[in-house]
Amino acid sequence: MKWHLLIAIGSAALAICGMPLHLAAQSPAPAKPKQFIYVLHLVPRLHAEANWTAEDNAVLGRHFKRFQEAIASGQLILAGRTMEPGEKTFGIAIFEAADEAAARTFMEGDPAVTAGLMTAELHPFAVALQRKNP
């Protein structure tokens, strides 16, 4: 009886010791997120500042808040716009996503895009150099 108990305990110990190795081998390391950029252009109606409505400004506020949340979560690397007037102005958002489908979902979910204030173009991107913030 003691012999069978010893074998059972030994087998259980081997199974427990081998378990983490077996589970680790089955779980692939999570893929590193890819980087993307989307370029935003105002629709022609909004090239003149006088054409902006209160609703347009509210949408722009939601657009900015979403970018703030994406910065806080670590998804957004940077966002900004040129300071040129009218049709020359454009914005960019550089961010990380698992793949192109996820990047497209992020871009198309931008309140400024969904409300029709801006058009957006998605491009794969790679940040080569980045200045450290003090």
Side-chain angles (χ1 to χ4, degrees):
M1 188 78 138
K2 289 183 181 181
W3 179 252
H4 292 303
L5 183 59
L6 186 57
I7 289 176
I9 292 171
S11 295
L14 285 174
I16 290 170
C17 289
M19 196 177 299
L21 294 177
H22 181 68
L23 289 176
Q26 289 182 3
S27 310
K32 183 178 178 188
K34 296 171 177 53
Q35 294 178 340
F36 295 88
I37 184 172
Y38 68 96
V39 181
L40 294 155
H41 292 276
L42 287 172
V43 295
R45 171 181 74 81
L46 299 176
H47 290 171
E49 194 151 333
N51 294 339
W52 283 77
T53 66
E55 178 57 28
D56 294 335
N57 285 314
V59 168
L60 194 61
R62 292 192 297 272
H63 160 81
F64 190 75
K65 181 167 177 37
R66 184 170 187 256
F67 277 173
Q68 288 175 316
E69 291 167 354
I71 284 285
S73 74
Q75 182 178 17
L76 185 63
I77 297 169
L78 70 86
R81 60 167 282 219
T82 63
M83 299 305 291
E84 299 165 303
E87 66 185 41
K88 286 186 169 188
T89 193
F90 65 92
I92 63 165
I94 301 174
F95 65 103
E96 293 181 328
D99 54 33
E100 187 171 343
R104 189 162 301 285
T105 298
F106 180 73
M107 176 187 75
E108 291 173 351
D110 184 322
V113 175
T114 60
L117 271 61
M118 299 179 191
T119 60
E121 299 170 20
L122 182 68
H123 303 276
F125 195 77
V127 174
L129 297 172
Q130 184 173 348
R131 180 184 74 182
K132 291 201 179 258
N133 287 332

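All values below were derived from every heavy atom in this structure, side-chain atoms included, with hydrogens, water molecules and symmetry-related copies excluded. Position 1 is the first residue of the sequence, and the numbers go up from there. Since the structure is predicted, the reported quantities are computational estimates derived from the model, not experimental observations.
Tyr38 and Phe95 have perpendicular rings, their planes meeting at more than 60° on a 0 to 90° scale where under 30° would count as parallel.
When hydrophobic clusters are built by joining Ile, Leu, Val, Met, Phe, Trp and Tyr residues whose side-chain heavy atoms come closer than 4.5 Å, directly or via intermediates, Met107 is grouped together with Leu60. In the hydrophobic clustering of this structure, Leu40 does not group with Phe125; members are Ile, Leu, Val, Met, Phe, Trp, Tyr whose side-chain heavy atoms approach within less than 4.5 Å, directly or through other members. Under the 4.5 Å side-chain contact rule for hydrophobic residues, Ile37 and Ile77 share a cluster. Val39 and Leu42 sit in two unconnected hydrophobic clusters of ILVMFWY residues. Membership requires side-chain heavy atoms under 4.5 Å apart, directly or through other members. Ile92 and Val113 fall into different hydrophobic clusters, where Ile, Leu, Val, Met, Phe, Trp and Tyr are joined by side-chain heavy atoms under 4.5 Å apart, directly or via other members.
A salt bridge does not link Arg45 with Glu87: every distance from a Lys NZ or Arg NE/NH1/NH2 to an Asp or Glu carboxylate oxygen is 4.0 Å or more.
The main-chain N or O of Gly86 is never found under 3.5 Å from a side-chain atom of Thr89 such that the two would form a donor-acceptor pair. Gln35 places a side-chain N or O within 3.5 Å of a backbone atom of Val127 that can act as its donor or acceptor partner. The main-chain N or O of Asn57 is never found under 3.5 Å from a side-chain atom of Trp52 such that the two would form a donor-acceptor pair. One N or O on the side chain of Thr82 and one on the backbone of Phe90 form a donor-acceptor pair closer than 3.5 Å.
Expressed to the nearest 0.5 Å, how far CG of Leu117 lies from CZ of Arg62 amounts to 9.5 Å. Atom NE2 in His41 sits 9.0 Å away from atom NE2 in His47 (nearest 0.5 Å). Atom NE2 of His63 is separated from atom OG1 of Thr114 by 11.0 Å, given to the nearest 0.5 angstrom. The structure places OG1 of Thr105 at 13.0 Å from CG of Asp110, a figure rounded to the nearest 0.5 Å.
Side chains of Asp56 and Val59 form no contact here, defined as non-hydrogen atoms less than 4.5 Å apart. The closest side-chain heavy-atom distance from Ile94 to Leu76 is not below 4.5 Å.
Heavy-atom neighbours of Glu84 CD from other residues, nucleotides or ligands within 6.0 Å: above the threshold of 12.
Taking all atoms of both residues into account, the shortest heavy-atom contact from Ser73 to Ala70 is OG-O, 3.1 Å.
Screening Glu100, Glu96, His123 for a side-chain contact (heavy atoms from CB on, under 4.5 Å) with Phe36, the sole residue that qualifies is Glu100.
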